Amino acid sequence: MNRKSAGNQRVNEPLGEAYSAYWNWWLDHFARQAETRFPDVYEKCSLRDDHGKDTLSRIGMLNDARGCGVIFDLARALGRPAGFDVISHLLTSAPSVSALVQRWSGVLALQSSIRFQESCPRQEFIVADQHNSLVLSPYKVRPANQKPFGPAMLAGVATGTLESAGAHIQGIWSITRGGASYPIYRFGTFLGDQIDFDSDILIVLSEETTGLKSDVGLVPPARSLSFGHLLNSQSGARGNRLLVRVVGSLERSEGEHPGLMSTAAELGLSPRSLSRRLTEAGLGYARLVRFVRLRKATRLLASGNCCLDDVAYQASYSDRHHMSRDFRMMAQVTPAGLRELLAR
């Protein structure tokens with residue numbers, strides 16, 4: 001699941017470039033927040049050595065020192081999406097708990113068909129029961145089953161996202177595969193010392209939870225659909241302003257995507273100057289073009305008003321086959337599969 005790149009372990013890109021970009025940023029953000037909130041855990045760790053540079057090792061240090069309850073609480077606090085990823089957008093725009101479960105299961109099935117040539121998911125990672133509850137099985141899916149803190153982090157992210165969507169969580173239970181169960185979270189407080197690595201996680205929603213907020217109510221669109229996570233940490237406000245201008249220019253185009261020269265001219269810059277500024281902000285023009293196209297096509301597919309050829313044209317792909325290749329590479333889904341999933 002993991003590989004090293006620039007001193008950090010990363011989410012593997014076979015899961016999709018867009019997925020990897022968002023969750024690598026999220027994990028780095030989690031680790032930085034952990035260092036800020038728990039400096040005593042890291043005071044003996046030098047960021048100059050390999051162990052200190054490695055994102056997942058830094059998170060593991062917090063888990064070893066403070067337990068998975070702290071991992072759960074921090075993941076819960078950071079669980080709301082803050083950048084564009086096809087799968088996160090698909091889930092956070094679900095209108096109900098049942099739709100959330102259906103979409104999540106459907107996406108895993110679609111990804112399995114692409115990655116492993118399977119017609120259905122090998123195991124159900126998420127299910128809903130008749131009592132308005134969700135059951136997550138972290139041991140059945142990567143990357144949650146790769147690190148000891150994975151189940152606690154997954155439970156925290158799911159809890160934070162559900163709460164921000166308007167769900168009321170009554171409690172969370174750990175259910176071992178032997179059938180034993182015990183509470184791990186009630187009324188806003190984490191109980192116990194750990195979540196068993198090979199246990200199911202039962203999230204019990206209160207009867208007040210009848211539906212979820214719309215995407216607009218869940219998180220501000222500027223955050224849930226932004227590309228801020230693509231910027232490097234040193235880019236600051238200047239880099240963000242440049243990102244907004246370039247993305248705005250690309251969003252206005254239809255048909256063939258404008259090249260660097262035409263985008264630079266629209267922004268009143270030379271191609272060399274625009275390329276240099278993007279590089280300083282940690283961005284590449286061609287990569288940013290791919291992300292803008294992907295986001296635009298995802299929005300059009302969600303609207304359900306366009307055929308695939310029209311979606312491809314309006315999102316500035318050369319044709320629907322080009323769009324399909326990009327979706328596979330960046331999100332491990334297909335436009336047709338995504339549209340079908342959203343229409344259910």
Side-chain angles (χ1 to χ4, degrees), residues 16-19 21-22 81 83-90 92-93 107 110 114 214-216 219-231 239-279 281-343:
E17 183 182 356
Y19 176 95
Y22 178 73
F84 174 72
D85 163 52
V86 171
I87 310 307
S88 296
H89 181 56
L90 179 72
T92 56
S93 62
V107 164
L110 186 57
I114 292 173
S214 67
D215 185 55
V216 174
V219 285
R223 292 188 63 215
S224 64
L225 293 173
S226 77
F227 296 123
H229 62 289
L230 301 178
L231 294 165
N240 191 63
R241 287 194 297 270
L242 176 65
L243 175 65
V244 170
R245 293 180 65 200
V246 175
V247 169
S249 175
L250 296 175
E251 283 278 5
R252 289 188 289 272
S253 67
E254 286 188 358
E256 185 176 350
H257 235 302
L260 176 65
M261 185 174 297
S262 59
T263 299
E266 182 179 341
L267 299 180
L269 299 170
S270 69
R272 182 176 180 180
S273 178
L274 177 58
S275 181
R276 175 178 56 80
R277 292 188 186 186
L278 287 172
T279 300
L283 301 168
Y285 182 77
R287 184 172 186 242
L288 188 55
V289 165
R290 293 200 306 275
F291 273 82
V292 172
R293 279 193 305 228
L294 184 73
R295 184 179 72 174
K296 197 170 183 179
T298 300
R299 284 168 158 170
L300 291 166
L301 290 167
S303 72
N305 297 322
C306 302
C307 69
L308 293 181
D309 287 326
D310 287 342
V311 170
Y313 176 80
Q314 292 183 46
S316 300
Y317 290 99
S318 57
D319 54 42
R320 62 186 295 178
H321 304 294
H322 177 205
M323 178 173 68
S324 182
R325 288 194 301 271
D326 243 26
F327 266 75
R328 286 171 176 265
M329 179 181 71
M330 298 191 72
Q332 289 291 290
V333 297
T334 62
L338 188 61
R339 184 177 62 176
E340 180 183 349
L341 191 58
L342 288 165

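Just so it is clear, the structure is predicted and the values come from calculations on it, not from any experiment.
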Show the nearest heavy-atom pair for residues [X] and [Y], with the distance to one decimal.
X: Gly239; Y: Leu231; result: O-CD2, 3.8 Å
X: Ile87; Y: Ala331; result: CD1-O, 4.4 Å
X: Gln314; Y: Cys306; result: NE2-SG, 3.8 Å
X: Arg293; Y: Ser316; result: CD-O, 3.4 Å
X: Asp85; Y: Ala18; result: OD1-C, 3.8 Å
X: Tyr22; Y: Gly83; result: CE1-N, 3.5 Å

Qualifying residues under side chain to side chain contact (heavy atoms under 4.5 Å, CB included), relative to Tyr313, sequence neighbours excluded: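 Side chain to side chain contact (heavy atoms under 4.5 Å, CB included) list for Tyr313, sorted by chain: Glu254.
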
Approximate separation, where rounding is to 0.5 Å, of [X] [atom1] and [Y] [atom2]:
X: Leu110; Y: Arg328; atom1: CG; atom2: CZ; result: 8.5 Å
X: Leu308; Y: Thr334; atom1: CG; atom2: OG1; result: 9.0 Å
X: Leu300; Y: Met323; atom1: CG; atom2: CE; result: 9.0 Å

Any side-chain heavy-atom pair from [X] and [Y] closer than 4.5 angstrom?
X: Arg287; Y: Arg290; answer: yes
X: Val246; Y: Val292; answer: no
X: Glu17; Y: Leu294; answer: no

All ring pair (Phe, Tyr, Trp, His ring centres under 6.0 Å) counterparts of Tyr317, not counting sequence neighbours: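 Per chain and number, Tyr317 pairs via ring pair (Phe, Tyr, Trp, His ring centres under 6.0 Å) with His322.
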
side-chain contact (heavy atoms from CB on, under 4.5 Å) evaluation trace for Phe291 with Leu283: CA-CA 11 Å; Phe291 273 82; Leu283 301 168; over 6 Å; no

Sidechain-backbone polar pair: Ser324 side chain, Arg320 backbone, donor-acceptor under 3.5 Å: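 Looks like no, no N/O pair under 3.5 Å.
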
Donor-acceptor contact below 3.5 Å, side chain Thr263 vs main chain Leu260: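 A pair under 3.5 Å: no.
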
Please list, one pair per line, the donor and acceptor atoms closer than 3.5 Å that link side chains of residues 264-279 to other protein atoms, with sequence neighbours excluded.
{"residue": "Glu266", "atom": "OE1", "partner": "Ser249", "partner atom": "OG", "Å": "2.9"}
{"residue": "Glu266", "atom": "OE2", "partner": "Arg252", "partner atom": "NE", "Å": "3.3"}
{"residue": "Glu266", "atom": "OE2", "partner": "Arg252", "partner atom": "NH2", "Å": "2.5"}
{"residue": "Ser270", "atom": "OG", "partner": "Ser273", "partner atom": "N", "Å": "3.0"}
{"residue": "Arg276", "atom": "NH1", "partner": "Glu280", "partner atom": "OE2", "Å": "3.2"}
{"residue": "Thr279", "atom": "OG1", "partner": "Ser275", "partner atom": "O", "Å": "2.9"}

